[in-house]
Amino acid sequence: MERSRFLLSITLLLVHYSSIGIVGATQTDITTDQFALLALKSHITSDPHSILVNWSTTTSVCNWVGVTCGSRHLRVASLNLSYMGFTGTIPPHLGNLSFLVALSFNNNSFDGALPYQLSNLRRLKLISFGYNNFMGSIPSWFGSFPKLQSFNLYGSQFSGSIPMTIFNLSTLQVLNLRANQLSGGIPREIGNLTMLKEINLNSNNFNEIPKEIVFNMSSLTMLTLYGNSLSGGLPDNICQHLPSLQNLDLGLNQFDGPLPSKLWQCKELLILHLEENNFSGSIPKNIGNLTMMKEIYLDNNNLTGN
Ligand SMILES: *[C@@H]1O[C@H](CO)[C@@H](O)[C@H](O)[C@H]1NC(C)=O
Ligand SMILES: *[C@@H]1O[C@H](CO)[C@@H](O)[C@H](O)[C@H]1NC(C)=O
Ligand SMILES: *[C@@H]1O[C@H](CO)[C@@H](O)[C@H](O)[C@H]1NC(C)=O
Ligand SMILES: *[C@@H]1O[C@H](CO)[C@@H](O)[C@H](O)[C@H]1NC(C)=O
Ligand SMILES: *[C@@H]1O[C@H](CO)[C@@H](O)[C@H](O)[C@H]1NC(C)=O
Ligand SMILES: *[C@@H]1O[C@H](CO)[C@@H](O)[C@H](O)[C@H]1NC(C)=O
Ligand SMILES: *[C@@H]1O[C@H](CO)[C@@H](O)[C@H](O)[C@H]1NC(C)=O
Ligand SMILES: *[C@@H]1O[C@H](CO)[C@@H](O)[C@H](O)[C@H]1NC(C)=O
Ligand SMILES: *[C@@H]1O[C@H](CO)[C@@H](O)[C@H](O)[C@H]1NC(C)=O
Ligand SMILES: *[C@@H]1O[C@H](CO)[C@@H](O)[C@H](O)[C@H]1NC(C)=O
């Protein structure tokens, strides 16, 4: 009795595993990728340069324009449809491109909802949907890419605040959300992203920044916050923990108070924008020993002296 029940459960276990095996097998097939990309093609309503003519079953998927396959798995590893003039929407089927590492759709006219099925793409390192017509909130499932290095949603009409899930992307190096209508505070949790090199939040409506966190992210090479509603004074030691900073842009905000006296500590600085604020007092003399500096903008403030 015991023995037959044991054998029965073994059998059930085997049936269970083999059905998982079958599901797994269909997922490791290039025809899944082909099916997903043909679904995308059918959601593209305008292709003014006839780019998609060879996206057909008579041509191998890996030779389709914009598609690159990985050499190891022979599955779609990169989909780059940037600057192709497309209009359309993104179908959920793209979430089946399970070997995708890079997804670039910059400078097209995609709109509609970004399907949450994209969050299945666990291998993604690059997401770039810059300059399209997306609107609404940034979906919170963007926080679920364990390998993401570069996240670009600039130039659409995203609004609302940055979803907290984004600060779970511990491998992130580039965060570019510029030219949207995002608002609220930049959360303190941005400090969790210890590999960040570039933060670009220009041209939004952010009204608060955790200065003691952001000006302490020593991995940063670029911090650009131009054209927001940020206010208050800058810490005098703004550069103490930013040894690699090359581009600092705080222009067109409502910062006030004196310029930090120790800007010279940002020794790698190439570009400094502090114009269109309400800084007062004099320009620190030792700013002149930033020998790498190429561009300094201080106009339209309330600075005095020679
Ligand atoms: C598909 O079209 C592109 C651009 O027109 C071309 O470079 C590529 O060779 C074509 N692929 C095939 C297999 O014809
Ligand atoms: C995508 O294609 C564009 C235009 O061909 C190119 O400039 C860009 O570097 C490519 N991006 C990636 C991530 O390959
Ligand atoms: C891929 O995704 C779509 C929509 O999310 C789904 O309907 C389809 O069955 C999926 N699987 C395969 C193997 O194409
Ligand atoms: C991309 O789109 C933006 C906004 O429409 C435009 O300013 C920019 O010149 C475009 N870039 C290219 C390379 O077409
Ligand atoms: C945060 O990351 C962990 C580990 O990568 C993951 O298990 C979890 O689902 C993520 N949480 C959110 C809210 O995305
Ligand atoms: C940020 O890091 C802190 C401390 O490690 C952790 O408690 C918190 O959950 C993290 N927040 C997010 C949004 O990942
Ligand atoms: C960075 O953090 C340290 C330690 O918490 C603190 O003493 C310092 O003032 C911070 N720097 C800035 C610019 O806020
Ligand atoms: C600039 O700051 C001064 C105080 O230093 C204040 O009197 C003035 O109202 C501020 N101007 C603007 C435009 O915020
Ligand atoms: C730059 O100026 C500061 C303050 O006057 C000084 O301590 C520092 O040694 C100078 N650095 C160089 C490289 O001259
Ligand atoms: C410049 O600063 C002075 C003194 O703090 C203040 O009275 C004046 O309103 C400021 N000017 C502007 C344009 O903010």
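Note that ligands are numbered from 1 as they come in the structure, with each ligand's atoms numbered from 1 the same way.
Between Phe255 and Phe279, the two ring planes are parallel [angle under 30°; tilted spans 30° to 60°]. Between His93 and His43, the ring-plane angle classifies as tilted under the 30° and 60° cut-offs.
Judged purely by atom type and a 3.5 angstrom limit, Asn277 uses its side chain to pair as donor or acceptor with the backbone of Leu250.
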Q. Where do Ser261 and Asp236 land on the side chain to side chain donor-acceptor pair (under 3.5 Å) test, with the steps shown first?
A. CA-CA 6 Å; Ser261 69; Asp236 200 47; 2.9 Å; yes
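The shortest N or O to N or O distance between Ser280 and ligand 8 is not below 3.5 Å.
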Any protein N/O atoms within less than 3.5 Å of an N/O atom in ligand 2? List the atom names and distances, or say none.
| unit_1 | atom_1 | unit_2 | atom_2 | d |
| --- | --- | --- | --- | --- |
| ligand 2 | 2 (O) | Asn80 | OD1 | 3.3 |
| ligand 2 | 2 (O) | Asn80 | ND2 | 2.4 |
| ligand 2 | 11 (N) | Asn80 | ND2 | 2.8 |
| ligand 2 | 14 (O) | Asn80 | ND2 | 3.2 |

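Between Phe129 and Phe110, the ring center distance fails the sub-6.0 Å criterion.
For Glu268, there are no salt bridge (charged side-chain N to carboxylate O under 4.0 Å, His left out) partners, not counting sequence neighbours.
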